[in-house]
Amino acid sequence: MKYCIHNTRLIIGIADRVIENGSILFDQDKILKVSAHSITDADVFIDGTTFSVLPGLIDVHVHLGMDCSVDPFDTMENTEDAFTSFIAYKQGLQFLRAGITTVRNLGTKNNVDIIYKKAVESGLVIGPRVYAAGQPLIMTGGHGQPMGTEVDGKDEVIKATRQRIKEGADLIKIMATGGVLTKGNHPGAVHFNVDELKCICQEAAKASLTTAAHAIGLNGVKNAIKAGVNTIEHGYYLDKETVDTMRDLGIYLTPTLLAPTLLQTNSEHIPQHMIDKIEEIEKEHRKSFRLALERGVKIIAGTDAGTPFNNPGQLVEELKIMLEEGMTTAQAIESATYLGAKCLKVDSLIGSLEEQKLADLIVVKGNPLEDISNLKNIQHVFKGGVRLYPDQIH
C-alpha cells in the first residue's frame, strides 16, 4: 500500500530544509518520493493542509524499565525482570504516542532492554526502534549499581565489554563519573581511569559499536574524551578547551537538561541526597550547554526518561529548554532527528525525510518551526510505513 500526504509542510530534519507545500509518497517500508509538486500514484491520500510532516523523533537517552518514581534505582533493585519488561513495553507505547519512533536506551537491569528490542523486532509487541546498551559498565560502588555491571581493572572491563557484545548490545554505556541518583555518590567524582576507559572503547570499536559515557564532572569528561568515547551524556561541567576538543573530534553531547529541571520542580518529593547534589551542580549545567552550542559541538536530544518524574514522551520539553538556552528551532528539531540518527550511525536509514530511507515519520497539526509545542499535536505516527498511531495504539 502506498500513502501520499499532500498539500503539506515537509520539515526534512536536516538543518533548515523545508518544503512549504509539498507531497511525500511512501509504502509500508520506505519513503519513495519527496516533492514540491503533486503526487498521484498512491493508494491512500492524506490531506496535509494545516499539518507538518517530520521524521520520527529520536530520544537518544532513555532508561526503559525505570519507573520514573522518586527513587527509581531503589524500585528497580527490588523489581523482578518480568515486571521490568512490562514497564518497558508500556513506556514504548508512550514514546510512540509522542511521535518518538526511535530510542537509544542507556541502561536497564539484566539487559531487559535488549530482550525488549528483540520482541519489538520480531513483531511480538509494538514499540519504537530500540538501540540498546544493556547493563552499563560501572566501577565497584559506582553510579547506577542496581542496573550496572561492576568491574575494575583492564582485564575485567575488557571481559565485561565483550560479554555485553555477546549478549547483543548495540552500544556500550560507561559510567565515567558519579551520579545524582546513587546514594553516597558524588556526581563529579572520577570513576574508571583512562586506561580502563580506553579498553572499553577499543573493544567496542572492534565490534563496530559506539560508546556513551555518563560524565558529569569535568575531569571525568576529559578522561572519557581521551579514551575515545563517541558521546558525552549530561556534561554538567565543561570548559572551552573541552568543548573545542569535542567539536574537533566529532564527539556528541547529550545534555539531558530536562532531568535536573524535573528534580528541582518536584523537590518536595525527592530524597534529600538528590536535591543536595542537584543544587550544587545544576547552576553549571546550562552554562556548559551554552558554551558547547556556541563552540559548535554536535548536540543531540535526550531526556533521561525513567528518572524521577521523567515520564517517556517528554522530548519536546527537552527541546524547549534547548531553545531557552540559545538553540534555533531548526537546530532543535535536527538534534531530535537527523543528528540523533548520525550519532547512532543509522542516518542512511532514518532521521530525515529522504527517498529510500525507512518511512518513520510523524504528522503534526500546525507549524513546529513557529511554535515547538506543535510537535505535541500528533495526528499520525508511521514506523516503517505502518501507521501505528492512531490505528494500532491509542
Side-chain angles (χ1 to χ4, degrees), residues 57-64 66 68 72-73 91 95 98 100 102-108 131 133 136 143-144 147 171 173-182 185 187-188 211-218 220-221 224 229-238 243 246 251-266 270 274 277-293 297-327 331-332 335-336 339-340 343-344:
L57 302 178
I58 303 172
D59 190 331
V60 297
H61 191 131
V62 309
H63 292 283
L64 290 160
M66 283 180 64
C68 314
F73 279 169
Q91 291 173 331
F95 283 119
I100 298 162
T102 299
V103 298
R104 183 178 65 149
N105 193 76
L106 293 186
T108 298
Y131 293 88
H143 175 55
M147 66 173 176
L171 70 151
K173 171 69 179 297
I174 312 163
M175 299 300 194
T177 71
V180 173
L181 301 189
T182 303
N185 231 244
T211 47
H214 163 105
I216 289 178
L218 181 60
V221 172
V229 300
N230 299 100
T231 69
I232 295 294
E233 308 300 312
H234 314 305
Y236 280 62
Y237 291 92
L238 301 173
V243 297
M246 290 176 65
I251 297 171
Y252 293 82
L253 172 66
T254 314
T256 63
L257 298 164
L258 178 64
T261 300
L262 290 171
L263 286 176
Q264 291 178 313
T265 301
N266 296 279
I270 300 297
M274 295 184 194
K277 286 186 275 190
I278 279 295
E279 289 177 350
E280 177 185 347
I281 65 178
E282 177 56 12
K283 60 186 177 182
E284 295 297 324
H285 193 189
R286 297 196 185 197
K287 178 181 175 182
S288 292
F289 170 84
R290 292 192 297 271
L291 180 62
L293 178 64
V297 173
K298 291 185 286 189
I299 296 174
I300 48 181
T303 59
D304 215 356
T307 55
F309 301 97
N310 200 342
N311 295 306
Q314 297 192 81
L315 190 59
V316 176
E317 302 309 313
E318 177 75 15
L319 301 185
K320 285 181 179 178
I321 301 174
M322 289 180 170
L323 296 184
E324 290 173 7
E325 299 303 324
M327 261 196 176
Q331 285 177 318
S335 77
L339 285 183
C343 156
L344 289 164

note = Smallest heavy-atom separation, Pro312 atom then Ala305 atom, equals CA-CB, 4.2 Å
inquiry  = For the backbone of Pro255 and the side chain of His285, can you confirm whether one donor and one acceptor N or O come within less than 3.5 Å of each other?
reply    = yes
key: Nearest-0.5 Å distance that lies between atom OG1 in Thr261 and atom NZ in Lys320   = 12.5 Å
note = Nearest heavy-atom contact between Pro308 and Leu262 is O-CB, 4.0 Å
ask   = If you take all heavy atoms of Gly340 and Ile300, which pair is closest and at what distance?
value = N-CG2, 3.9 Å
message = For the CD atom of Glu318 and the CD atom of Gln314, what is their distance to the nearest 0.5 Å?
response = 10.0 Å
query = So, do Lys298 and Tyr252 sit near enough that their side-chain heavy atoms are less than 4.5 Å apart?
reply = yes
request  = Determine the minimum heavy-atom distance between Gly179 and Ile216, stating which atoms define it.
outcome  = CA-CD1, 4.2 Å
inquiry  = I'd like to know if the side chain of Asp304 reaches the main chain of Ala259, judged simply by a donor and an acceptor atom lying under 3.5 Å from each other, with no hydrogens or angles considered.
reply    = no
inquiry  = If we ignore hydrogens and angles and just use 3.5 Å, is the side chain of Thr177 paired with the main-chain N or O of Pro187 as donor and acceptor?
reply    = yes
message = Against Leu171, only a single residue in Leu106, Asn230, Thr231 fulfils side-chain contact (heavy atoms from CB on, under 4.5 Å); can you say which?
response = Leu106
inquiry  = So that I know where these two stand, are Phe73 and His143 an aromatic pair - ring centroids less than 6.0 Å apart?
reply    = yes
task = Nearest 0.5 Å please: distance from the CD1 atom of Ile299 over to the CG atom of Leu293.
result = 5.0 Å
ask   = Side chains of Thr265 and Phe309: does their closest heavy-atom pair fall under 4.5 Å?
value = no
query = Which atom pair, heavy atoms only, marks the closest approach of Ala213 to Val229?
reply = CB-CG1, 3.9 Å
ask   = Parallel under 30°, tilted from 30 to 60°, perpendicular over 60°: which one fits the rings of His234 and His214?
value = perpendicular
ask   = Rounded to the nearest 0.5 Å, what separation is found between the NZ atom of Lys287 and the OH atom of Tyr237?
value = 10.5 Å
inquiry  = side chain to side chain contact (heavy atoms under 4.5 Å, CB included), that's the test. Do Val297 and Leu238 meet it? Break it down for me.
reply    = CA-CA 12 Å; Val297 173; Leu238 301 173; over 6 Å; no
query = In Å, rounded to the nearest 0.5 Å, how long is the span from CZ of Arg290 to CD of Glu324?
reply = 11.0 Å
inquiry  = Between Lys173 and Glu233, does any side-chain N to carboxylate O distance fall below 4.0 Å?
reply    = no
task = Drop me the distance from Ser335's OG to Leu253's CG, to the nearest 0.5 angstrom.
result = 10.5 Å
key: For Ile100 against Val103, the heavy-atom pair lying closest together   = CG2-CG1, 3.8 Å
query = Got a donor-acceptor contact below 3.5 angstrom from the Asn310 side chain to the Thr303 backbone?
reply = yes
task = Answer whether the closest heavy-atom distance between the side chains of Arg104 and Ile58 falls below 4.5 Å.
result = no
